[in-house]
Amino acid sequence: MDIAQLVVSAAASGDRTAVTVAPPVAERDSRYPLRGREQLVAELLRLCAGRSDGRVHVLHGMSGCGKTAVALELVHRLSGTGPRRVWWVDARHAATFAAGMRAVTRQAGLGGDEVGEDAADALWERLSASARPWLLIVDNAEDLTVLDGPGRLAAGTGWLRPHACPDGLVVVATRHGVARLWGGAAVLHAVGPLPPDDAAQVLLDHAGEQTGAAGEARALGVRLGGLPLALSMAGAYLAEVNAMPGALRDAGTPSDFTSYHRVLNEHGSSLNPARVIAHAWQMSIELLHQMGFVHAGRLLTVLAAFGEAPVPYTLLLRPAAVSAVVPGLGDLDGTTLWRTLRELAALGLMDPLEVPATNGGLPCVRLHPLIRDIARAETTTAVTLIEQALRLEEVRIPPEDPQSWSAWAALTPHALDLLQHAGAGPPQLSASQRTVCADAAELAARYLQTQGLFAQARRGFERVLAIRSEVLGADHVETVTTRHNLASVLHDLGALHEAEPLRMQVWHALERICGAEHHDTLIARHELGRLLHDMGRLDGAEDHLRCVFQARLRSGGERNSDTLAARHELARVLHDRGNLEAARHEYQELLAIRLQQYGEDHPRTATARHNHACVLHDLGLLQQAHDECRRVLASRTGLYGFSHPKTLATAHLLATVLHALSRSTEALRVVQQVCEAAVRLLGVDHPQTRRYTHDLDCFTQASASEE
């Protein structure tokens, strides 16, 4: 069996997350055989033996029921059956899943040009025609919208689809077992609690026969609801206790099935698996305390205060910050924190630390969902630690700067999660805490805007604006700044007439609060001029931008970044007025300065080069324009991936230049990719999408007439 493995580098086109698509075979421990799933495994094996029905086979059940263990057992059983391609893709996060599926596409034999925005179509065409057996496993598919990809999962047009290969099988592990969510091309397999005899055997596997008789194990297995996670945790706890010297055990510590059962009954009689996990969790924490890890319980509670996303502990759990602000952790140092995290992972209370980080490329930990639900009691600790993280040097870098993207990729889900606790309704947090939540969420929304996720950024800014207006007042400078950010993303969304009154309000408010030549006032006026330019009101745009440029010259000089930004916008006005040679001269000088300041692959350099390519095209210097477009497209793809508004703008410009160079087939292919990506990213009604669609129609007609 050929286990596929590929690590996708951060610079790969469209994929900025490192992934592996090799099955995590080391997680299958031969000491603990899979129990109670033989019939299900046999059915999946039958489908792999040249009898595949071409449908997606869904393993569904609650967290901790062993869905992943079934998939691993399938991989293990197939390992001795001859050559077969096996891919394992983690679907916890959209970016990681998309990168994994593109890795599968490459390993299926498709070249770089075929791993574009139509990668899903190409992949399933190739897999359907494959003469070689293959197995695709998608694990942790909890957000089914992630599986939609270019289409819709339930319609069979997403990343997972029906196929025609008799030796191919798709297996998905998920909590979701509602048939309508999967569509008619899926077969649902319920992975429920284990029968009593199998549950008893799991306990005996982990704890050993010296811990009690089979009947006692059977009774405890029933008490634990037959949930494999609860069973393995209880068995591991008893094994650990029995490995300890008797003199170190506290009185009353359960050491066999019967005493463990009795302790569970003392804490409650519910068979709800979440309650069972709570008891097992508490006893595991007590065991860690006995072993000297006295911070384990409190640290787990701190982790549970954050959202469901992986927690970047190198940002949010800096020992100095945690010890200063979290009660009970005053003496926590780095070594103790690291060792405690390792022990919590070893007991199965969270993901092992050895699992490669995927969230922004930073090391993260993730609690099992049930453990997090049980342990989470309040959010104030998370607010305090987010506040501490905002002071870190790597987090203080503006979200628009690529150097900050790793940090904000990891922090954004937690910042937005906290925002819901600071919103409308009965106050859960103090005014100062709500302000912290707003600060973090606003930075997160700015990061989303930078990544081209404009609709999500807009929702974030709108919620932050509501909080700031309530807590600080409508005329406070921070509230005005949020209004400025909201206007910015409305501009990006193409809602220019919605953005204009906000731009005017912000400019006048900052002029009144800060003065006409204050830095923030000039930024507001600069953006107002940029908006007027994009609305076609060139006279008004030039008036504002000229005033900003002169003020920036006085305060910062010719090479000041803000001065150059204003000069760049004035060059765009020259361009649109038809003063092409003057605009070309300005772009050339600006590009030379940006290259000196930032180098080739920086957003500001790419913007200057893109606009230089535009004016070269308009001057009829097509080969020069083509060469510039290629450089910009490479830079922007590396920075953002292909499906980003700025990358799409450059790709569209390239298509326009190719069309002018009479390279019609190539131009049509590029503009088709741009249109498809723009529809998904921006929507059919966005002005840019409409422009791309119009050009697609024109290019198509021109190509047809040439034929």
Side-chain angles (χ1 to χ4, degrees), residues 4-22 56 87-108 110-127 136-161 170-174 309-310 355-361 364 405-406 408-410 412-413 447-448 450-456 636-648 651 673-674 676-682:
Q5 184 168 2
L6 175 69
V7 174
V8 182
S9 73
S13 176
D15 300 334
R16 298 188 301 280
T17 303
V19 297
T20 175
V21 292
V56 176
W87 299 290
W88 188 292
V89 182
D90 193 313
R92 277 178 290 190
H93 315 297
T96 307
F97 175 72
M101 292 302 295
R102 287 190 170 88
V104 172
T105 304
R106 282 185 282 272
Q107 293 188 10
L110 297 170
D113 292 340
E114 297 165 286
V115 189
E117 295 307 305
D118 59 348
D121 293 341
L123 171 63
W124 289 104
E125 182 178 351
R126 176 60 61 91
L127 291 181
L136 171 62
I137 294 174
V138 177
D139 198 17
N140 298 306
E142 307 308 347
D143 180 1
L144 298 189
T145 62
V146 169
L147 307 186
D148 285 336
R152 196 160 60 88
L153 173 67
T157 58
W159 268 119
L160 303 182
R161 305 182 182 183
V170 181
V171 176
V172 185
T174 179
V355 174
T358 58
N359 199 13
C364 297
W405 291 353
S406 291
W408 279 107
T412 290
Y447 167 75
L448 292 172
T450 299
Q451 301 305 304
L453 302 172
F454 299 145
Q456 295 178 41
R636 284 184 162 172
T637 301
L639 284 166
Y640 310 113
F642 186 80
S643 292
H644 185 283
K646 291 185 177 180
T647 313
L648 296 180
Q673 293 175 347
V674 169
E676 291 167 3
V679 168
R680 289 194 301 273
L681 184 67
L682 303 173

With heavy-atom distances below 4.5 Å as the criterion, would you say the side chains of His93 and Pro310 are in contact? yes

Over all heavy atoms of both residues, which pair between Pro645 and Gly452 is shortest? Give the atoms and the distance, please. CD-CA, 3.6 Å

Hey, is the main chain of Lys646 close enough, under 3.5 Å, to the side chain of Arg636 for a donor-acceptor pair? yes

Would you check if Leu648 and Phe642 make a side-chain contact, meaning some heavy-atom pair closer than 4.5 Å? yes

How far apart are the C-alpha atoms of Leu160 and Leu136, what are their side-chain angles, what is the distance that settles it, and do they pass the side-chain contact (heavy atoms from CB on, under 4.5 Å) test? CA-CA 10 Å; Leu160 303 182; Leu136 171 62; 4.1 Å; yes

Sequence neighbours left out, what passes salt bridge (charged side-chain N to carboxylate O under 4.0 Å, His left out) with Arg680? Give chain and number order. Glu117

Smallest separation among heavy atoms of Val21 and Ala103, with atom names: CG1-CB, 4.0 Å

Please tell me if the side chains of Asp143 and Phe97 come closer than 4.5 Å, counting only heavy atoms from C-beta onward. no

Can you name the salt bridge (charged side-chain N to carboxylate O under 4.0 Å, His left out) partners of Asp121, sequence neighbours left out? Arg161

Can you name the residues that form a side chain to side chain donor-acceptor pair (under 3.5 Å) with Asp148, not counting sequence neighbours? none

Using modelled atom types and a 3.5 Å cut-off, is there a donor and acceptor pairing between side-chain atoms of Ser643 and backbone atoms of Ala677? no

Are the side chain of Thr105 and the backbone of Leu123 linked by a donor-acceptor contact shorter than 3.5 Å? no

Just wondering, do Asp139 and Asp90 contact through their side chains at under 4.5 Å, heavy atoms? no

